[in-house]
Amino acid sequence: MMRNGVFTFGSLQLKACFDCLFHIMTCPKPKSCRFVVLVSGHGSNLRALHDSMVQGSEMNGSKVNGSVVGVISNRPQSQAMAWAKEQGIETELIDHSLYDSREAFDVELKRAVDAFSPDFVLLAGFMRILTPTFVNAYLGRLINIHPSLLPELPGLHTHKRALEGGFKQHGCTIHFVTPELDHGPTIAQGKVVIKREDSVESLAQRVQNMEHIVYPYVARWLADGLVSFTPDQTVHVKNVTKRLFSEASP
Ligand code: GAR
C-alpha cells in the first residue's frame with residue numbers, strides 16, 4: 001500500500017512517500033530559499049550565485065528567489081571569504097589543518113552549516129573530501145560543481161587531463177553529492193568544445209564561464225522547488241527540458 005506524508009524540517013518541506021523515502025520536493029514558493037556556500041579558494045562561483053540572487057543576470061533573467069545566508073571556508077586565505085565579508089554575508093572559517101581527522105572536521109562543519117538553517121548547501125570550489133556521515137546528513141540538499149563532464153574525469157586537474165587525453169569536449173557538472181566522490185546524480189552540465197590551440201588556462205577560463213551560467217540556473221530550479229531526486233538516483237527538474245548547456249546556446 002502507498003502511504004504519503006509531508007514533513008517539515010526547519011524551513012525545508014519534504015513531501016515524502018513512505019515507499020520511496022528519498023523522493024524529495026524542496027523549497028516550495030514563495031519562501032526565499034536559504035543557501036549556504038562552502039568554499040576554499042577564489043570564489044568566482046560564489047559571486048555568480050550571489051549576483052543571481054541580488055540582481056538576477058542577463059543570461060538567467062530575474063533574481064533567483066533565495067539568498068546566500070552564509071559562507072564557510074576551510075582555508076584562512078580564501079579570497080571567497082574576504083569577498084563574502086565585504087558583501088556583508090556571514091562567514092565562518094573552519095581551518096581543516098587544525099583537526100586531527102576528517103570526521104572531527106566534519107562534525108565542526110556540520111555544526112557551522114546547521115547554524116545557518118539552510119535549505120541547500122552548495123559546494124563552490126570546496127576542496128575537501130567529505131565523510132559519508134556528513135554527506136548522508138544532507139542527502140538531497142548538498143550540491144557540488146565539478147569541472148568536467150562527469151562521469152568523465154572525476155578528481156583533480158581535469159583541464160590538463162582533458163587536454164592530455166585528446167578530449168574533444170569538456171565542461172562542468174552540477175550534481176547532488178553522494179558518498180562516492182564526484183559520482184552523485186547530475187542536475188545540469190555545461191559543455192565547451194576544446195579548441196586545438198587551447199592551453200590549460202584558456203580551457204579553464206571557458207569552463208568557468210560556463211560554470212557561472214549553469215550554477216545560477218540550478219540555484220533557480222532549487223529555489224523554485226523544481227528539482228527532485230528519486231531512490232534510483234534519477235534527477236527530475238519540473239518544466240525544464242534543457243539541462244545541458246553549451247557555449248553557443250547557453
Ligand atoms: C571551479 O572551477 C569548480 O568547478 C572547481 O573549483 C573551481 C572553484 O573556482 N571545483 C572542484 O574542482 C571540485 N572538485 P571558484 O573558487 O572561482 O568558484
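Every number for a ligand or one of its atoms is a count from 1 in the order of the listing.
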inquiry  = Show me which atoms of ligand 1 lie under 4.0 Å from any heavy atom of His146.
reply    = 4 (O), 14 (N)
note = Atoms of ligand 1 under 4.0 Å from any heavy atom of Gly125, numbered from 1 in the order shown, are 6 (O), 8 (C), 10 (N)
Provide, to 0.1 Å, the distance between [atom] and the closest protein heavy atom, together with that atom's residue and name.
{"atom": "atom 9 (O) of ligand 1", "value": "Gln208 NE2, 3.0 Å"}
{"atom": "atom 10 (N) of ligand 1", "value": "Ile145 O, 3.6 Å"}
{"atom": "atom 1 (C) of ligand 1", "value": "Glu211 OE1, 3.2 Å"}
{"atom": "atom 12 (O) of ligand 1", "value": "Pro147 CD, 3.3 Å"}

query = In terms of heavy-atom contacts, does CG of Asp232 have more than 12 from other residues, nucleotides or ligands at under 6.0 Å?
reply = yes
key: Heavy atoms of other groups near Gln87 CD, more than 12 under 6.0 Å   = yes
query = Do you see a donor-acceptor pair shorter than 3.5 Å between the side chains of His236 and Thr230?
reply = no
ask   = Can Glu164 and Arg161 be counted as an ion pair, charged N to O under 4.0 angstrom?
value = no
ask   = Less than 4.0 Å between a side-chain N and a carboxylate O, is that true for Arg47 and Asp51?
value = no
task = Indicate the atoms forming the closest heavy-atom contact of Arg102 with Thr131, along with that distance.
result = CB-CG2, 3.7 Å
Between [X] and ligand 1, is there a nitrogen or oxygen pair with a distance under 3.5 Å?
{"X": "Ser44", "result": "yes"}
{"X": "Gly43", "result": "yes"}
{"X": "Asn144", "result": "no"}

inquiry  = Taking only non-hydrogen atoms of Gln79, do any sit less than 4.0 angstrom from ligand 1?
reply    = no
request  = Mind telling me whether Phe229 and Phe176 have parallel, tilted or perpendicular rings, with 30° and 60° as the class edges?
outcome  = parallel
